[in-house]
Structures are given as structure tokens and as C-alpha cells.
Amino acid sequence: MSEKQDKGEKKSMNSLIIHPDVEPGVIDNAMLIRCILEYGPTEEAGRLFAEEGVHLDEAPIVRLEFQNILRIDHLWMLTSLTKLTLAHNLIEKIENLEQLTGLNELDLSFNKIERIENLDALENLEILTLFHNRIRKLENMEALEKLLVFSIGDNLIEDYKEMAYLRKFRKLRSVSFKGNPGCDDPMAYKFLRSALTRVTYLDYKIVTEEQRESGVAVFRGLLRKLDDEDEIAEKRRIAKEEYDAKVAFYASSFVEYLSGPELIETMFEKDPDGSVLLSFGGELLPLYEQYKEQYVETMAGLVVFAQTAYNDREKEVKLFKNLVDNALDDSVRKSKEVVAEYELKKQPLVEQLNELIAKYTSKQATIEQLEPSIVEVGDQFNETLYQLWKSLMTLEMQLFEQCEESRVQFSVNMTEKITKLLEVSRNAFGAWREHEGIWSMRQFETLSKYLGNKIMLGDACPELYEVMMDRDLMMNLVAQSSDNHMRFIDTREDQLTTRANLWREDLVQGTTDNEVKRNRDRILEINYFIDNQREEWTDMQMALNDTVDPETAALLGDDF
């Protein structure tokens, strides 16, 4: 290699890795585009790539290394990003990554980060590299449930037992810890190998069962405590998953959080006036508990009906889908039979045309003698092809009409089911409003008995004491609280009604849109097939034309 070549390569490499001319700053559009172009296609492909322009929202990988970046910013437009490398910069804080929800690899190594934070949105992250930073504590990583590879080497973690935090990551298989102050303790790796039971590779070396067992013997008591904590955490996780699944099912039924007293308790929590009045306690508390019981009983009926209605709707959707699929399969079968019949009729016509071409090429007959036969067989082919097109289009029209009838009936059925659900919902929420009216009346009656009674109000909070000294103020507060509750009830009923109607509209419109698209695609497919058949026949005729002198071909005109 020549000295000139060697210098050229070094210069090229340095321009990609080290940017001495880059002033410390933040990420901007120009920097993103420049780096994407640097790591993009080369030569001719690179030229075309640059000419077409860089679409930031389509970039799957971005590498911003050695750019003297001080702050993570301006990444919100990178919606397709799966891998982000910000290594070898001057970044001090993890931030502004909320929009990168599709990210599965993040490299922040060789920066000045002091704290792990702001990773909650990166639920799909599998590889996280924080090598060579200033981190002292593992924290704020709970959202990274898919984490597979984690590098925290060469940081400032002093207590190796801090790494027990990683036991919660069920998919974690590779961990790098080397270079932290905690590594200086001779017991560090015994603990890590025994505590991180799911980790297969520690500092890029496989962990053997013998190594795990040697650590268990040393840290038996601590590991038992960690196991107990993990068991409690696992039970909580399972309970949360079951609760979330239950909420998701209720949400599909449009009645999430209506089962149990949670919603009415939330209603009181969001009502400062009602909270002040309820702080009176005493006789109000039994009335409040009775109100909650009445609410739970009323909503229980709605929840049960909504769940049954959901299952009925799912059955109806499945039945409709089966009807459409069966009709489509039947239409496809009949179309294949029609095409097969066409092929049988087409074959002898093709043979006849080939025989005529053979007679002409072998000089057994002139083009004038063959012309009537060629025209006749061409007419027969065109008629056969037309009958094929007519049959296929008839089958498609019948299928579309059949699906249309099914869609109309499906829409009617869905509308009836949603209407019935909303009717039951109106009754339930109407009963809730009645319970609220009774509660408000009883609350007013109870509080009225103690108006101005300073002895009974001796330990009341200042806000309640002031209210109970003024009848008008107390009446206004009770009325305001009731109004707040009524608005809360109205909002929750509107939410159920709106979501149920939107679900029905989206479902019905979706089935219509899908069928219209399928119908259009099928018609295009039929016409494309017919055009191909016609072109094949024309190509055969053109083979005959190629053997005819130009003057004769001109006399025969469009037939050839």
C-alpha cells in the first residue's frame, strides 16, 4: 500500500469517527442528515440515496458518535428508529427519548451520564449499553421488561450487591459489570453469578453451574432473602397481569372500573366539596357505605349484562366472518371451474390456429385462402373469451350481492345489540343518579341537625367548621357536591355510549371498506386475466403476420 493511499484511508476513517471541527452542542436536523448519509449506501447507491433525500421518519438506524453532543434532543421525528447509538459524546442526562417507542437497541456508552432515568417509554428495548459513564445506582428501569443485554461496566457502582436489582428482568441473559469499584471486592463475582440466576453471560463469559453453586454456599442467607422478595414481587406481578387482563376484558365490554366501589370512591376523591362534607363522619359514614353498596349492586347488573353482550357480539362477528369466508371460498371454487371449462374450449381453437399457421408456412395454402378460416377461429376465440369474462363477472357480482346482504343484516344485528346495551346502561346510570339524589338529601338532613353545634364540631377541620356555622353555605356546598357527582356520572355514561357507538360504526364501516376493496381487486384481477388471454392470442396471430410480406399484411388490416 502506498503512503498516499495509507494517508487517504486514515483521513477517511478519521472523518467518520473523530470530528475535531464539531463544536459542542445538541442534535439538530443537519447533524442527523449528515450522519445518516455517512453510514448510508456508498457509490452509485449512495448517490441515488442522497438525491432522493433523507426521510428521517423512515430511518431505522442512527449513529451519532464522536459528535461532541451535550444533550439528547431533536429525535422525535425518528419514528421508525430501532437502533440508536450516541456513544463517545458529552451527554450528561438521559432524556427526550419518549417518542422512540420502537427502539430495541440503545448505546449511550462513553458519555458523562450520572443517573439512569427517563426510559419508561422504551418498552421494546432489548439491548442497553451504558458502559463508561458516571452511574452509581441501578434504578428507573422497571419498564424494560424485554431487556436481554445490559452493559453497566466501567461506571461508579461501589456495592456489587446493587446488581441484585437486575433479578427482576426475566429475559436478561447478558450483563457486563467489569470496571466498577465494586469489582475490587473478591466476593463480587461469586455473588453476581449466584444472584443473577437467569444471566447466562457475565462480562461476556458463560456462567457455569459450578460457579453458581460456589456462590450459593457463601451467600445462602442473602439469596434466601432475595428469593423471598422475588416471590412476593412475582405474586404481585401475576396479580397485576390478572387485574390488567380483567380490566382489558371489561374495557372490551365498555364497563371497565364499573365493577366494585373503585369508581364511586374516585368520584368522591375528585370532589373537594364532598370530601369536606364527608369529613364530618359520624352518622354520614353508614349512609356513605350504604350509597356505595347500592352503587355496586346497580352496576353489577350492568357489568354482567355487558359481559354477556360482549360474548354475543363476538359470536356474531365470528358468524359473519364465517359466512363471508364460505361465500368467498364457494365463489373461488366456481371461478376455477369456469376457467377450467374455458381452457377446454380454448385448446381446440389454439390447435386450429396452429394448423392454419403451419399450412401457410409450409406453402400448402396462401393467406387469401386461409383468411376466412383465420377470421372464423378468431371470432370463436373472442366469443369464448367473452363468455369467460361474463361468467367470472357474474360470479363476482353474485358474491358481492351476497356479501352485501350479509353486511346489511350484520349491521342490523350489531345495532340491535349495542342499542340493548345502551338501554341497560341508561337504566343503570339512571339508578345511580337516583342513589346520588337520595345520598345528597340524607347528607343535607344529617348535617342540618348539627348546624351551629360547636360542641359536636369541636374537632372538625377549619373548612367544615366554617361551613357548619352557616346554613346557606352548607346548602350551597351540598348542592355543589351533588352537581359535581352528577357531572361525573354523566361523563362516565357518555364515555360508555360514545365508545360503544364508535366501536359499532368502525366495525360496520370496516367490513364495508374491506368488501369494496376486495371487489375492486377481484374485478381488476379478472380484467387482467382476460387481457392476458387476448394478448396471447394476438401474439399467435403476430407469428403468422411475421411470415406475411408487408403489402399482404396491410391488405388484411386489423385482423392481423
Side-chain angles (χ1 to χ4, degrees), residues 239-240 243-307 309-310 421-450 460-468 472-503:
K240 183 178 183 302
Y243 177 77
D244 290 344
K246 186 177 180 181
V247 169
F249 175 66
Y250 284 162
S252 300
S253 308
F254 315 117
V255 291
E256 67 272 27
Y257 305 115
L258 292 181
S259 177
E262 291 88 354
L263 191 63
I264 193 170
E265 290 171 351
T266 300
M267 181 179 73
F268 274 87
E269 290 172 3
K270 292 184 176 182
D271 173 28
D273 297 330
S275 298
V276 170
L277 296 173
L278 194 59
S279 67
F280 178 82
E283 297 178 32
L284 278 186
L285 295 182
L287 296 176
Y288 171 64
E289 292 300 325
Q290 184 181 359
Y291 180 18
K292 286 203 297 185
E293 290 173 4
Q294 291 171 334
Y295 160 83
V296 170
E297 182 179 354
T298 298
M299 288 301 163
L302 172 59
V303 169
V304 170
F305 180 86
Q307 291 174 329
Y310 169 80
L421 171 64
L422 297 183
E423 180 183 339
V424 175
S425 170
R426 279 194 297 273
N427 292 336
F429 280 93
W432 186 2
R433 291 186 183 89
E434 291 179 4
H435 298 326
E436 168 60 31
I438 294 172
W439 154 255
S440 181
M441 181 184 65
R442 289 177 174 175
Q443 185 183 43
F444 173 74
E445 292 174 350
T446 301
L447 294 174
S448 295
K449 292 189 296 185
Y450 298 95
C461 64
E463 295 87 352
L464 178 64
Y465 189 88
E466 180 182 357
V467 168
M468 294 300 291
D472 291 339
L473 186 58
M474 186 271 287
M475 291 176 60
N476 289 336
L477 208 63
V478 170
Q480 290 173 16
S481 175
S482 183
D483 288 343
N484 290 337
H485 292 180
M486 288 298 185
R487 282 194 295 271
F488 185 92
I489 296 170
D490 290 344
T491 299
R492 185 60 184 89
E493 184 180 13
D494 289 344
Q495 178 187 345
L496 189 156
T497 302
T498 301
R499 286 178 53 212
N501 282 325
L502 283 176
W503 177 86

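Small disclaimer: the values here were computed from a predicted structure and weren't measured.
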Query raised in the report: What are the two closest non-hydrogen atoms of Met299 and Leu258, and how far apart are they?
Result: CB-O, 3.3 Å
Query raised in the report: Any donor-acceptor pair under 3.5 Å linking the side chain of Ser425 with the backbone of Leu421?
Result: no
Query raised in the report: Quick one: are Phe268 and Asn484 in side-chain contact, heavy atoms under 4.5 Å?
Result: no
**Report entry** Residue list, side-chain hydrogen bond (donor to acceptor under 3.5 Å, both in side chains) with Ser440, at least two apart or on another chain
**Finding:** none
Report summary line: The reported gap from CD in Gln443 to CG in Leu284 (rounded to nearest 0.5 angstrom) is 5.5 Å
Query raised in the report: Is the closest side-chain heavy-atom distance between Tyr450 and Glu283 below 4.5 Å?
Result: yes
Query raised in the report: Do Arg492 side-chain atoms and Phe429 backbone N/O form a donor-acceptor pair below 3.5 Å?
Result: no
Query raised in the report: Backbone N or O of Arg442 within a donor-acceptor pair of the Thr446 side chain at under 3.5 Å?
Result: yes
Query - Pairwise distance CD1(Ile264) to CD(Glu293) - rounded to 0.5 angstrom - result: 10.5 Å
Report task. Decide if atom CD of Glu297 counts as having more than 12 heavy atoms of other residues, nucleotides or ligands within a radius under 6.0 Å. Result -> no
Query - Contact summary for Tyr295 and Pro261, nearest pair of heavy atoms - result: CE2-CA, 4.3 Å
Report task. Would you please name every residue forming a side-chain hydrogen bond (donor to acceptor under 3.5 Å, both in side chains) with Tyr291, sequence neighbours left out? Result -> Trp432, Glu436
Query raised in the report: Which atom pair, heavy atoms only, marks the closest approach of Ala306 to Val255?
Result: CB-CG1, 3.6 Å
Requested in this report: State, yes or no, whether a side-chain contact exists between Phe254 and Gln495 at a heavy-atom distance under 4.5 Å.
Outcome: no
Query - Heavy atoms from other residues, nucleotides or ligands near NZ of Lys240 exceed 12 (cutoff 6.0 Å) - result: no
Query raised in the report: Is any side-chain heavy atom of Glu434 less than 4.5 Å from a side-chain heavy atom of Gln294?
Result: no
**Report entry** Nearest non-hydrogen partners of Val303 and Ser259, listed with the distance
**Finding:** CG2-N, 4.0 Å
Query raised in the report: Between atom CE of Met267 and atom CE of Met486, what is the distance when rounded to the nearest 0.5 Å?
Result: 9.0 Å
**Report entry** Heavy-atom donor-acceptor pair, Ser482 side chain to Val478 backbone, under 3.5 Å
**Finding:** no
Report task. Apply the side chain to side chain donor-acceptor pair (under 3.5 Å) test between Ser481 and each candidate in Asp273, Asp271, Asn476; give the one that qualifies. Result -> Asp271
**Report entry** CD (Glu466) with more than 12 external heavy atoms under 6.0 Å
**Finding:** no
Query - Minimum side-chain heavy-atom gap Leu422-Leu496 below 4.5 Å - result: yes
Query raised in the report: Got a second to check how far Leu285's CG is from Gln290's CD, nearest 0.5 Å?
Result: 13.0 Å
Query raised in the report: Hey, what do you get for OG1 (Thr266) to CZ (Phe488), rounding to the nearest 0.5 Å?
Result: 6.0 Å
Query - Taking every non-hydrogen atom, the tightest pair across Val467 and Leu473 - result: CA-CD2, 3.8 Å
Report task. To the nearest 0.5 angstrom, please state how far the NZ atom of Lys292 sits from the CH2 atom of Trp439. Result -> 10.5 Å
Query raised in the report: Heavy atoms, side chains only, cut-off 4.5 Å: are Thr497 and Arg426 in contact?
Result: no
Query raised in the report: If we only count heavy atoms from C-beta on, is the Met475 to Ser448 side-chain gap below 4.5 Å?
Result: no
